[in-house]
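Just so it is clear, the structure is predicted and the values come from calculations on it, not from any experiment.
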Amino acid sequence: MFSMPGLPKILVLVIIIVVIWQAFKIIGRVQKARIAEAQARVREAKSQARNPRQTRTQATTARTGVAETRECAVCGAYVAQGSSACGKPRCPFGP
């Protein structure tokens, strides 16, 4: 009545189990990334509430890591606005 399953049936079963296992791992990673992003938004909102004078550009820079740059008239390098002097004479970004 009951017989031993053949090798092809066992291989198909193992493949199905592995595919389902990998799918759950991928779903778990996506959920962790979403949770981390939501927590980052909450932290950013809390910091905005503490420091309301922070401009929108500064908030975008803090979130994305991108800053507006200007070309230095002395050396020609592009420097982030609000950065310190490069140390060359007549640097427009220095004190």
> Roughly how far apart are Phe24 CZ and Arg29 CZ, rounded to 0.5 Å?
Replying inline: 14.5 Å

> Could you state the interatomic distance from CZ (Arg43) to NZ (Lys46), rounded to the nearest 0.5 Å?
Replying inline: 9.5 Å

>> Would you compute the distance between atom CD1 of Ile10 and atom CE of Met4 and round it to the nearest 0.5 angstrom?
In response: 6.0 Å

> Can you name the residues that form a side chain to side chain donor-acceptor pair (under 3.5 Å) with Glu37, not counting sequence neighbours?
Replying inline: Arg41

> Pick one: which of Ile16, Ile17, Val18 meets side chain to side chain contact (heavy atoms under 4.5 Å, CB included) with Ile20?
Replying inline: Ile16

